[in-house]
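Start at 1 and go down the list; that is how both ligands and their atoms are numbered.
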Amino acid sequence: MSLRTRLTLLYTTLVGGTLLFFGLAIYHLVSLTITEQIDHILEQTARNLIGTIRVNALGELDVLAEADLSAGVYIQLWERNRGLRYSSSSISSLSEPLDPLAEYTSQPITHDVNLGNAHLRVMSVPLSIGSRPIGTLQVATSLAIVDATQQTFLKILVIGTTIAVTIAATGVSFVTYRSLAPLESVTQTALQITRADDLSRRIPYQGPTDDEIGQLISAFNQTLSRLENLFYTQRRFVADVGHELRTPLTVIKGNITLMRKIGCSDEESLSSIDEEVDRLTRMVGDLLLLAQAESGKLTLVTQLVELDTLLLEVMQQSRVLAQGKVDLRLGEIDQVLVCGDRDRLKQVLINLISNAIKYTPQGGEVVMGVGKNNDQAYITVQDNGPGISTEELPHIFERFYRIEKSRTRSADGKGFGLGLSIAYWIVKHHDGEITVESEEGKGTRFCVWLPLAVGDCQPES
Ligand code: ADP
């Protein structure tokens with residue numbers, strides 16, 4: 001059963017049920033009130049009449065004065081052993097008791113009685129002298145008006161409920177159709193995406209964006225954008241990995257072919273193969289690290305880290321790398337403590353400093369510094385190299401992103417375009433941030449921001 005049918009059924013059942021419930025409750029309440037009013041009139045009449053009844057010298061019951069009866073009220077006076085003693089003029093021909101079941105009742109009782117075609121309300125009041133019962137007074141009135149009122153009320157209730165249920169069913173069916181129509185387009189778009197394998201499609205929606213359907217469609221479209229992005233990134237990643245693997249594999253294959261040709265192992269070819277295998281191993285290691293970091297599974301061995309000591313250590317090691325090509329200098333240095341994984345943070349510094357050395361031409365200068373600002377620690381790595389253009393700057397933290405010039409410049413074959421991505425993720429896992437400022441022809445300044453340590457370090461969960 002469709003959602004639309006279910007909603008329509010549910011709503012109409014609720015509307016119909018509620019109307020019927022309250023209608024019937026009012027019907028019974030009105031009937032009860034009218035009956036109470038009638039009983040009150042009958043009781044009043046009986047009381048008045050009892051005052052006019054006497055026992056004569058013969059011991060018989062007599063009605064002294066003809067009662068002043070309101071229209072539609074009937075009376076019978078029944079005496080034990082002697083039968084009917086008095087009846088009001090309008091029913092003088094009736095020899096049966098108005099209420100046969102209460103002809104000689106011992107206590108006042110009221111019944112609804114069907115007498116011929118008439119529907120009557122009859123009150124029977126026992127009469128006695130001392131404790132000796134002598135007869136019964138029966139006072140009755142017609143219930144024709146009450147019956148007619150009840151029937152009209154019931155008709156109105158049934159017709160009204162039917163009309164209300166029909167209107168509710170039509171209205172709900174229309175509204176749910178209108179409201180659920182966009183869901184149909186969600187389904188169609190989802191099917192088209194599956195069939196055409198086209199993640200660039202989006203669900204068009206003109207309605208309000210803050211209702212449930214609007215939110216659903218917006219969430220669905222956002223999911224599609226994210227999927228498209230992931231799909232694109234994954235494709236690009238596979239292409240990039242393929243591209244990066246091709247060069248070392250070609251070199252290895254070439255050297256093996258050469259050695260086969262000359263019939264012996266050549267030392268130069270072997271070291272070239274060795275270098276390429278190292279390069280591949282490094283790339284696989286970097287990719288695994290990135291995969292862990294991106295999936296949030298990078299485990300950090302957190303401890304208190306003195307950033308100034310760490311920077312001096314990396315600077316010392318980097319001197320070998322610089323080989324006098326660039327001047328490595330220490331700028332601002334402050335004692336700074338952060339909570340973090342020492343080895344991972346060291347990796348970030350190595351990546352930034354080795355990039356600065358790699359891309360700064362002979363005779364250039366790389367200045368490093370460490371300091372703090374409010375509750376943040378920062379490490380800066382600044383060079384006066386070629387700089388990065390504003391178009392390229394937003395992409396340098398992407399996997400395998402390398403600026404064209406760098407591809408040729410790093411012909412030493414060491415860079416894969418993964419170093420900054422790794423640095424970005426490591427810093428992100430430390431709740432920090434890497435910023436970069438660069439001006440073409442003037443140089444680049446990377447700044448790593450990390451939260452200062454507060455008290456002891458909590459190990460990563
Ligand atoms: P790579 O392994 O190619 O160095 P990275 O991810 O470390 O990869 O860097 C991405 C790109 O950013 C590099 O290819 C280079 O073009 C650019 N880059 C990084 N650091 C610098 C820098 N200090 N000066 C100029 N360009 C840089």
Side-chain angles (χ1 to χ4, degrees), residues 233 236-237 239-248 275-276 278-294 311 314-315 317-318 321-323 325-329 331 344-369 378-429 433-448:
T233 317
R236 217 191 67 196
F237 174 73
D240 285 341
V241 172
H243 181 80
E244 292 299 330
L245 285 176
R246 189 180 297 154
T247 318
E275 240 174 57
E276 292 307 325
D278 279 353
R279 186 172 150 79
L280 284 175
T281 312
R282 259 199 332 272
M283 188 172 96
V284 171
D286 283 356
L287 283 174
L288 283 176
L289 181 71
L290 260 182
Q292 279 178 341
E294 286 181 7
L311 184 67
V314 178
M315 188 179 158
Q317 289 172 7
S318 304
L321 196 70
Q323 292 166 343
K325 176 188 151 202
V326 290
D327 183 18
L328 287 188
R329 276 203 309 112
R344 297 284 181 222
L345 289 176
K346 187 171 176 181
Q347 194 172 0
V348 172
L349 294 186
I350 290 174
N351 285 358
L352 294 181
I353 295 170
S354 60
N355 270 353
I357 296 171
K358 189 160 63 179
Y359 297 114
T360 305
Q362 182 82 32
E365 163 181 89
V366 177
V367 184
M368 289 145 284
Y378 59 81
I379 306 169
T380 53
V381 179
Q382 182 164 7
D383 63 58
N384 59 356
I388 303 165
S389 71
T390 36
E391 299 87 64
E392 314 252 31
L393 209 53
H395 303 290
I396 57 169
F397 293 103
E398 290 171 16
R399 281 184 306 198
F400 289 114
Y401 191 85
R402 279 187 290 165
I403 298 167
E404 259 330 295
K405 282 181 277 176
S406 319
R407 288 184 189 265
T408 39
R409 192 173 292 131
S410 64
D412 55 1
K414 291 213 171 116
F416 307 114
L418 294 176
L420 286 182
S421 299
I422 290 173
Y424 167 86
W425 280 105
I426 292 176
V427 173
K428 195 172 154 82
H429 275 267
E433 185 186 11
I434 298 190
T435 55
V436 56
E437 293 158 28
S438 189
E439 206 179 324
E440 268 191 295
K442 290 206 170 155
T444 308
R445 181 176 189 267
F446 283 93
C447 188
V448 177

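- Geometrically, Arg399 engages Phe237 in a cation-pi contact defined by less than 6.0 Å to the ring centre and at most 45° from the axis.
- With hydrogens and angles disregarded, a donor-acceptor distance shorter than 3.5 Å links the side chain of Asp383 to the backbone of Thr444.
- For ligand 1, the atoms lying closer than 4.0 Å to a non-hydrogen atom of Leu418 are 6 (O), 8 (O).
- Leu420 places a side-chain heavy atom less than 4.5 Å from the side chain of Phe446.
- Ligand-side atoms of ligand 1 in range of Leu420: 5 (P), 6 (O), 7 (O), 9 (O), 10 (C), 12 (O), 19 (C), range being under 4.0 angstrom from any heavy atom.
- Counting the atoms of ligand 1 from 1 in the order shown, those under 4.0 Å from a heavy atom of Gly419 are 5 (P), 6 (O), 7 (O).
- Tyr359 places none of its side-chain heavy atoms less than 4.5 Å from the side chain of Ile388.
- Remark: ligand 1 atoms within the under-4.0 Å shell around heavy atoms of Phe416 are 2 (O).
- The atoms of ligand 1 that sit less than 4.0 Å from any heavy atom of Ile396 are 10 (C), 12 (O).
- A donor-acceptor contact shorter than 3.5 Å is absent between the side chain of Thr380 and the backbone of Met368.
- Heavy-atom contacts of Gly417 reach the following atoms of ligand 1: 1 (P), 2 (O), 3 (O), 6 (O), 8 (O) (cutoff under 4.0 Å).
- Put simply, the side chain of Lys325 gets close to the backbone of Thr360: a donor and an acceptor are under 3.5 Å apart.
- Backbone and side-chain nitrogen or oxygen atoms of Ser421 are examined, and none is located within less than 3.5 angstrom of a nitrogen or oxygen of ligand 1.
- Not close to ligand 1: Gly385, with no non-hydrogen atom less than 4.0 angstrom away.
- In this structure, the side chain of Asn384 engages the main chain of Glu365 through a donor-acceptor pair within 3.5 Å.
- The shell of residues lying under 4.0 angstrom from ligand 1, judged by heavy atoms, excludes Glu392.
- Counting only non-hydrogen atoms, the option in Ile403, Asn384, Asn355, Asp286 that gets closest to atom 19 (C) of ligand 1 is Asn355.
- The residue from Tyr401, Phe397, Tyr359 that puts a heavy atom closest to atom 10 (C) of ligand 1 is Tyr401.
- Ligand 1 lies less than 4.0 angstrom from a heavy atom belonging to Ile388.
- Ser318 pairs by the side chain to side chain contact (heavy atoms under 4.5 Å, CB included) definition with Val314, Leu328, Ile353, Ile357, not counting sequence neighbours.
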